[in-house]
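In the text below, chain A, chain B and the rest are named by the order of the sequence lines, each starting its count at 1.
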Amino acid sequence: MADGKAVAAGPPAAVVAKGDAAAGADPALFTFAEFDRDAGERIGWSNYSYWRSTLHMFLRNRVALFLLVLLGTILAFTFLQPLLPNQRSPTLINIDPATGRQFRNLVPSAEYWFGTNSIGQDLWSRIWSGTRTSLLIGIIVGVVEMVLGIAFGAIWGYVRKADRVFTEVYNVLNNIPTTIVLMLLAYIMRPSFQTMVIAMCAAGWHGVARFVRNQIVIIRDREYNLASRCLGTPTHRIIMKNLLPYLVSVIMLQTALSIPGTIGWEVFLTYIGIGLPVSIPSLGNLVNEGRLIMMAPELRYQLIFPTIVVSIITISFYVLGNAFSDASDPRNHV
Amino acid sequence: MDGRKPILSVRDLVVKFDLRGRTLTAIRGASLDLLEGETLAIVGESGSGKSVFTKTFIGMLDQNGRVDSGSIEFEGADLAGYATEAEWLRVRGRKISMVFQDPMTALNPLRSIGRQIQEVVEMHRGMSGRQAELAAIELLDHVGIPDPVRRFRQFPHEFSGGMRQRVVIAIAMACKPRILICDEPTTALDVTIQAQILRLIKALQSDFGFTTIYITHDLGVVANVADRVAVMYAGQIVETGSAEDVFYDPRHPYTWALLSSLPQLGVKGKPLFSISGTPPNLFNEIKGDAFAPRNPRALRIDFELQPPMFQVSPGHQAATWLLDPRAPALEPPAAIQAMRARYPGGER
Amino acid sequence: MAKYMLKRLAQSVVTLFIVVTAVFLLMRLLPVEGYLGERYDKLSPEQREAILQKMGLLDPWYVQIGSFYSKLAHGDLGTSAIYRKDVPVLQVIAPRVPYSVRFGLVAMALSLAAGLAMGVHMARYKGRFWDRTWTVYIVLINAVPSAVYLLFIQLYGTDLLKVPLLFDKYKFQSWVLPAISMSLGGIAGYAMWMRRFMVDELNKDYIKLARAKGMTSSAIMVRHVMRNAYVPMAQYLPAAILATVSGSIYIESLYSIPGMGGLLVDVIQRQDNPMVQALVLIFSSIGILGLFLGDVLMAAFDPRIKFAKSEGAR
Amino acid sequence: MSDGTDKLLEIRNLRVDFPVRGGLFTAVRDVNFSIRKGETFGLVGESGSGKTTIGRAIVRIAQASSGEILFRGRRINGRITRELDSEVVQKIQMIFQDPMASLNERAKVDYIVSEGIINLGKFKNEAERLALVEKALLEVGLLPEFASRFPHEFSGGQRQRIGIARSLIMEPELVICDEPISALDVSIRAQVLNLMSELQKSKGLTYLFIAHDLSVVRFITDRIAVINKGELVELAETEELFAHPLHPYTRALLSAIPVPDPILERKKVLIVYDPASRDYRTDKPAWTEIAAGHFARANEAEAAEYRRLLAR
């Protein structure tokens, strides 16, 4: 360059800060270094991984971790218990061979760990059997609600033309208190396992659909979805690949939360008298039986044992669900 | 420094953030003098720390951030040592005000514009009721909002982006601050509105006589507003000087790169000067000059030792080993030489 | 605003119509025994048919629904079949309304006051002792089935207060436990939402500006955060009404309070179809009214709603 | 340039409406322009001017309410055949503004880049697909090993290049660039601009470059159309537009761009555009060719004045 005046040839530069740290530096250092273009590409990477951070956050929550283990143990035991030796059938009415009368209301003992109920059935095996039933209802309802909710919610949220219709239908359904829907349906159908499942699914699916819809509306118009549309990606694949993966965490949370909710409703419906038939032990039935004889303080164990189990299960699911939701929210990954 | 006194002096400021169990050093020993009455522009890319740097002046770092060391001297006190809210309330919003980037979200949507200005007036000027209301209306008028009496009762959603930014500026003016920090005040606005807002801030500055700090990544805006410029990279100030110094005679390779990669200085049809790679990850320890890995003409020493601030001329400093007498001579890129030629003062 | 409310009102009326029709049709799916009650076994098939014919239950469904609506228009909800045989439903329900209304209002007021206060308290001390303590409460209320904890409250509460287990309308103390029980769920719900909305507001940009203005934290909390958090809260008012409805059903039955909720449980257990239908309709109407009020409230609080697009449901 | 040049894309009387509460909002009206093969056409406007809507109407994310969009002389808006549809999907690609939002965070770069060719079934087997992905990544200056990573591992500039690779793999003819560099850091912008120019040369691409920043547009485009409130106000070759801006809005816009030169910037005179200053009550404005290739929206009186201005 004609005007080529080198920087260093300007007025002698003076160090104004930091002292002359390099005073004794090797003069060889003042030569040009080799330049590696790819090195520049590699710096600045974040090592952030969504699922790793989620796991990390979750593991930091000690309470949740404890409940996870507890819940896992209970769940496993519920299904293992019938396979163990010396277990009685939950519906067997135990009769004293000496007198020929039922072992009514026996308090907990080495023989009957949780005692017996008012007609001599073994409370220990009834509780595990009941837990099995209630959990099964909870899980089936949770899964069905999710499947229905996601299917309808995804269409509702993503297909603009469907929005109006779905919204109006939802407004009608949502206007009726859940309690009333449940009671009405359970009342109309005969008391049975299926009735419980159908009634609870009917009462809950639209809430899930609404939730999924809102989530999808939030992410539907983000640019990456527009990009997929420009590339001609069919709607079903956009929903499967672009939308649902973002919802995995919230969907898991909703399922986890619907299980304790379902158990709660089951107990409630049983109390009203339209729950499961007495012949099927369930946590609702057990609590209800216990309630009927709670006036006698010495028999309250019949209420307290099932209550403890219900509480542990529901609290665990609830806390775990929330802990997972917190952990899976990228905003909390600080 | 042309005889003016510094109103705010920052020395060797280090700011750290705790994130995901790791520590990020956002400001890595930055020093700066702000001179009474001037407009200083701090230029830097996102993540360079320019925003964090100024947030420390009013104690508004995020919860997980802290000033690790260094000092911020203002009116005889060291702001870096402030810990309690009570201490900060003596400064924040009274002596030093701030205007934020996005006027669409900076106002409470549920309270009228007037009430939001009035509450600052009441708080800082000891006025109340009708008197404060009148003062608020006067402020609205001063920032160029037509029909201020009617506008006073309206809500933020009834204002356009530019008008909302004027309201935010009115709020910042309410206490007649000594320093106004404008954090990218026009980035979210259209260019035509941007020009008007920049003009407004200049007019207010001459009316009220405060000192302004601009944070921006837009060198065009810098050229428009700044008396002095500080260039930030990876949490450090790498060059400071008057606007003329920095635009027509920059010395740091990063400043060169920044300027010459601007399309305005490019020649159509030819590739622009471009900087490869991306800024460094501030979670990592940085050895030597943070810009070295992206600098094709880096010296060996740039990878070994952090360069000190070299004085180029009075008021112009740059932190690069190129200014060391032992360094080899290096031509700035063509675009910079062209800029230098455009300076009417000619050869500097 | 008026236009919005009118539109919302029309929506509620349509919803009500659909709900009433749906409930009516669902009830038709039930076997007719429920209309005959204990008489069923004693009657000959001819007699049964005659009675059912007289009640109009053998007509085609569209004739039934027509007569149902014309009766409804005259305020006739039908006649009880079993619970109080041949007494008009409204006559059975009427004396019970005051109890339900009183408990409902008290419970709502209580849950609003205590819930909001708790939520504000939690947001103020976010992540610290009180926040955690109230969180435990909220978790327990949400996770433990209400049928269980309400029972224990009745059991030990009555003991503690030295009142009879069952409701005695002449004893003031007797009102306390049911009212508190009814509001427990509402308190937890309100506290949780209030806390969340306040925390949401705290993260917004305008809070940053408010801080930069030099406002104290407490002034920001009161003048900006709390006030703004009330707006989204308004939409949860109906939820509380619904919760109170649900709660009342269980609690009234638990304490044998002569209100509508307890009545519903009774008539369900005794399979009195006309009574069930009438009560379900009443409770659904309360729900619909609650949601309508919630939307109106929200519109009244939020200056933006005039301009907001009606983006589907809330 | 003569009119004999090949018109790759032509837009005639385009109008786009969006439903809003209580009626329709017209985002774009009466828009006419054409893009020649191989050129870079700039569309400049402020936020809400409708510039993005035009781009989206061309890739058919937004629906044209009336008017025609012709690609190689064939109408591509409204109902079209399946063959034409997949041809358009392939030949017209889009690069988005926000590199942080325009990549699917839950998919690997591999899927993101090959999404388009999966849709069109443009490969015979997995090996061929991988080869295509690798080629596309290399072309935008990324390492092939990046294919197995997730987007969050990349910086803004790298992500934008992934977005470009996703378009390139389709072998498009026309690329709609919707503010491709405005969300990038200053030091990264030149990288992406250079890359776009290189690709244009090596692949013979045609660009519609949508932006608000006139200084960038000036550097990269051959012709510029200025849009204000849904209507084009002026269209000319780039240097012609900067040398002789006619429409008052264009002049206001030009005067407002900040120039990175303190001395020029301090001397600058700001022109404020006031739409109310003109009287269109009797003499309605229309899209008029003032001089060869220089269009403006003007009524007859204005057109006459613009011609006088150009003659000087």
Side-chain angles (χ1 to χ4, degrees), chain A residues 1-61 326-334, chain B residues 11-12 17-22 29 31 47 62-64 249 251 275-284 292-313 317-332 334 337 340-341 347-348:
Chain A
M1 289 284 145
D3 190 33
K5 204 166 186 320
V7 167
V15 175
V16 293
K18 294 250 156 92
D20 198 350
D26 181 359
L29 286 174
F30 287 92
T31 52
F32 293 114
E34 249 172 82
F35 181 59
D36 175 9
R37 205 158 230 287
D38 287 344
E41 285 292 329
R42 286 203 177 87
I43 52 171
W45 278 357
S46 86
N47 60 344
Y48 171 83
S49 148
Y50 175 76
W51 290 110
R52 192 164 6 109
S53 294
T54 300
L55 185 68
H56 182 76
M57 286 297 292
F58 188 84
L59 293 181
R60 270 170 47 175
N61 188 337
D326 283 349
S328 67
D329 184 346
R331 281 174 300 183
N332 291 335
H333 291 183
V334 282
Chain B
R11 287 289 166 269
D12 300 320
F17 285 87
D18 297 316
L19 263 143
R20 290 175 224 136
R22 300 172 60 192
S31 302
D62 291 340
Q63 296 243 315
N64 57 342
D249 187 25
R251 296 304 178 98
I275 316 175
S276 64
T278 48
N281 187 340
L282 294 175
F283 279 113
N284 300 335
R294 301 173 73 192
N295 181 3
R297 308 303 309 275
L299 302 175
R300 285 184 201 284
I301 192 169
D302 283 335
F303 292 92
E304 302 293 330
L305 267 180
Q306 190 176 316
M309 263 294 180
F310 288 95
Q311 176 108 21
V312 179
S313 62
Q317 307 172 354
T320 167
W321 285 117
L322 288 177
L323 291 172
D324 190 283
R326 289 163 289 184
L330 180 62
E331 298 287 342
Q337 297 186 22
R340 195 186 286 179
E347 182 72 20
R348 281 171 64 95

According to side chain to side chain contact (heavy atoms under 4.5 Å, CB included), who are the partners of B:A319, at least two apart in sequence or on a separate chain? B:M309

Heavy-atom distances under 4.5 Å only: say whether B:N295 touches chain A with side chain, backbone, both or neither.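 Backbone only.
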
Turns out that what part of B:F17 lies under 4.5 Å from chain A's heavy atoms comes down to neither

With B:R11 via salt bridge (Lys or Arg N to Asp or Glu O under 4.0 Å) - residues at least two apart: B:D33

Rounded to the nearest 0.5 Å, what separates atom CZ in A:F30 from atom CD1 in B:I301? 3.5 Å

Heavy-atom pair of closest approach, residues A:F32 and B:R297: CD2-O, 3.1 Å

